[in-house]
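What follows is one structure encoded as structure tokens, with my remarks underneath.
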Amino acid sequence: YNHSYIKAKGETSKAEGKIPYTEIIARLLLEDVNFELFSRSLFSLKKKMSFQEGKGYNADHVIPTPEAFPKNPRREEEWIAKKLMREGRTFRQFGKVFDYQVPLTRDSSNESKFGKIDLVSRKGNEIYLLELKRPGSTETLLRCILESYTYSQLIYTQKFVVDYAQELGNANAKDFTFIPCPLFFNDSQQHLEWQEMRKGNRPALYELSKNLNVRFFVLQNEIEEPGL
């Protein structure tokens with residue numbers, strides 16, 4: 001998801017049909033990439049994402065106070081994630097948020113090389129891995145889809161369930177479905193593209209999201225709107 005062409009914006013010329021670049025790329029991915037094999041190929045990467053003894057996905061975050069919110073505007077997504085966690089609300093679409101900034105590894109030699117899942121929530125037997133985008137974000141929806149999907153494939157689900165036993169109960173990973181979910185605001189590039197997709201104007205992007213079991217949630221002033 002970090003390749004430059006995944007971030008490409010714009011569209012082809014009028015003579016070529018004014019097709020969004022992300023729609024062309026999504027179609028190529030559908031035709032040329034076997035995502036089942038891709039998921040298996042991530043296993044070698046997962047082996048590098050070890051956890052030091054006594055550490056896990058649950059970093060024992062305390063409920064953050066407003067004073068703990070980062071002042072740096074570049075960390076706005078972290079600020080919003082902490083605020084949603086502090087409010088402790090149960091969202092109609094994706095349930096209750098039970099942690100934020102979840103590390104994909106807790107090995108100090110590798111931790112900086114991998115990202116963190118912005119928010120995790122639960123609704124019934126579904127666990128949502130929420131990739132939050134700040135208000136006004138200009139990232140393409142395609143990149144959000146691939147980023148959230150990649151993170152979902154790097155999770156050791158059984159370890160995750162064990163680490164969050166207090167929140168998830170005495171359960172097994174097979175009792176849950178882990179779902180990658182971009183979470184964005186209604187004034188963002190992702191929201192514009194999502195609306196186009198819902199109208200049927202981006203069929204390849206829609207098909208890709210369905211194939212990867214990606215769901216979308218929209219926030220308006222931090223109040224959720226219906227997802228797709």
Side-chain angles (χ1 to χ4, degrees), residues 1 57-59 61 63-64 69 76-104 115-137 139-161 163-169 171-195 197-198 205-206 208-228:
Y1 64 85
Y57 291 113
N58 188 344
H61 288 135
I63 300 298
F69 296 166
E76 187 175 7
E77 290 171 1
E78 181 183 343
W79 183 90
I80 296 168
K82 287 182 175 181
K83 191 172 190 297
L84 291 174
M85 177 69 182
R86 177 177 172 77
E87 289 178 353
R89 283 189 290 163
T90 297
F91 290 83
R92 176 171 53 86
Q93 292 289 333
F94 54 84
K96 184 175 178 61
V97 173
F98 61 85
D99 206 357
Y100 65 96
Q101 293 286 294
V102 176
L104 291 172
K116 296 180 179 180
I117 299 172
D118 294 320
L119 292 160
V120 289
S121 68
R122 176 190 180 182
K123 183 178 181 181
N125 66 345
E126 294 182 330
I127 295 175
Y128 296 101
L129 310 174
L130 298 159
E131 183 58 32
L132 175 67
K133 298 302 173 185
R134 62 177 177 78
S137 170
E139 284 187 24
T140 65
L141 190 58
L142 174 63
R143 186 182 187 279
C144 295
I145 290 171
L146 296 177
E147 182 178 18
S148 60
Y149 170 75
T150 300
Y151 282 8
S152 73
Q153 298 303 300
L154 293 174
I155 287 281
Y156 283 102
T157 55
Q158 184 56 39
K159 179 169 179 55
F160 184 96
V161 169
D163 288 349
Y164 286 106
Q166 183 174 344
E167 293 80 7
L168 302 177
N172 192 286
K174 65 182 181 181
D175 299 325
F176 297 98
T177 301
F178 289 74
I179 303 174
C181 305
L183 175 64
F184 45 81
F185 284 81
N186 71 333
D187 62 348
S188 63
Q189 178 69 25
Q190 303 93 47
H191 187 248
L192 291 174
E193 294 183 20
W194 175 73
Q195 288 180 311
M197 188 171 66
R198 295 184 77 195
L205 203 60
Y206 177 81
L208 180 66
S209 67
K210 287 299 182 185
N211 284 0
L212 301 182
N213 193 31
V214 172
R215 297 189 197 172
F216 307 93
F217 299 115
V218 185
L219 293 173
Q220 182 177 9
N221 296 325
E222 296 171 21
I223 302 297
E224 62 179 332
E225 292 181 349
L228 180 64

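Atom CE of M197 sits about 9.5 Å away from atom CG of L208, to the nearest 0.5 Å. The CD atom of E77 sits 10.0 Å away from the CG atom of L119 when rounded to the nearest 0.5 Å. The distance from the CD atom of Q101 to the CG atom of D118 is 6.0 Å, given to the nearest 0.5 Å. Taking CG from N172 and CD from Q158, the interatomic distance works out to 4.0 Å, rounded to the nearest 0.5 Å. Going from atom CD1 of I145 over to atom CZ of R143 covers 12.5 Å, rounded to the nearest 0.5 Å. Atom CG of L146 and atom CD of E131 lie 12.0 Å apart (nearest 0.5 Å).
Between N213 and P180, the shortest heavy-atom distance links the atoms O-CD, 3.5 Å. Taking each heavy atom of E193 and L205 in turn, the nearest pair found is OE1-CD2, 4.3 Å. Residues T90 and K96 come closest through the heavy atom pair OG1-CB, 3.8 Å. Contact detail for K133 and F185: the closest heavy-atom pair is O-CD1, 3.4 Å.
Looking at heavy atoms from C-beta onward, L192 lies in side-chain contact with Q195 at the 4.5 angstrom threshold. Taking the side chain as every heavy atom from C-beta outward, N58 and E167 approach each other to under 4.5 Å. Side-chain atoms of L183 and F91, non-hydrogen and from C-beta on, never get closer than 4.5 Å to each other. At least one side-chain heavy atom of V161 sits under 4.5 Å from a side-chain heavy atom of F178. Two residues are said to be in side-chain contact when any heavy atoms from C-beta on lie closer than 4.5 Å; P135 and I80 meet this criterion.
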_As a quick check of understanding, evaluate ring-ring contact (aromatic ring centres under 6.0 Å, His included) for F160 and F176, giving each step before the final call._
CA-CA 11 Å; F160 184 96; F176 297 98; 8.9 Å; no
*Might you work through the side-chain contact (heavy atoms from CB on, under 4.5 Å) test for I117 and L104, ending with a clear yes or no?*
CA-CA 7 Å; I117 299 172; L104 291 172; 4.0 Å; yes
*asked:* Under the criterion side-chain contact (heavy atoms from CB on, under 4.5 Å), I'd like the reasoning laid out for T157 against I127: C-alpha separation, chi angles, the key distance, then a yes or no.
replied: CA-CA 10 Å; T157 55; I127 295 175; over 6 Å; no
*So V120 and Y57, side-chain contact (heavy atoms from CB on, under 4.5 Å) or not? Walk me through it.*
CA-CA 11 Å; V120 289; Y57 291 113; over 6 Å; no
_Intermediate values then yes/no, side-chain contact (heavy atoms from CB on, under 4.5 Å), Q189 and E139_ = CA-CA 6 Å; Q189 178 69 25; E139 284 187 24; over 6 Å; no
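A donor atom on one side chain and an acceptor atom on the other are found under 3.5 Å apart for Q190 and S137.
Ring geometry for F184 against F216 counts as tilted: the plane angle lies between 30° and 60°, on a 0 to 90° scale. Relative orientation of the F217 and Y128 rings is perpendicular, given thresholds of 30° and 60° on the angle between their planes.
Without hydrogens or angle criteria, S121 side chain to F94 main chain gives a donor-acceptor distance under 3.5 Å.
Residue pairs that meet the salt bridge (charged side-chain N to carboxylate O under 4.0 Å, His left out) test with at least one member in residues 121-130, sequence neighbours left out, are E126-R215.
Only one option out of C181, P182, S188, S209 pairs with C144 in a side-chain contact (heavy atoms from CB on, under 4.5 Å); it is P182.
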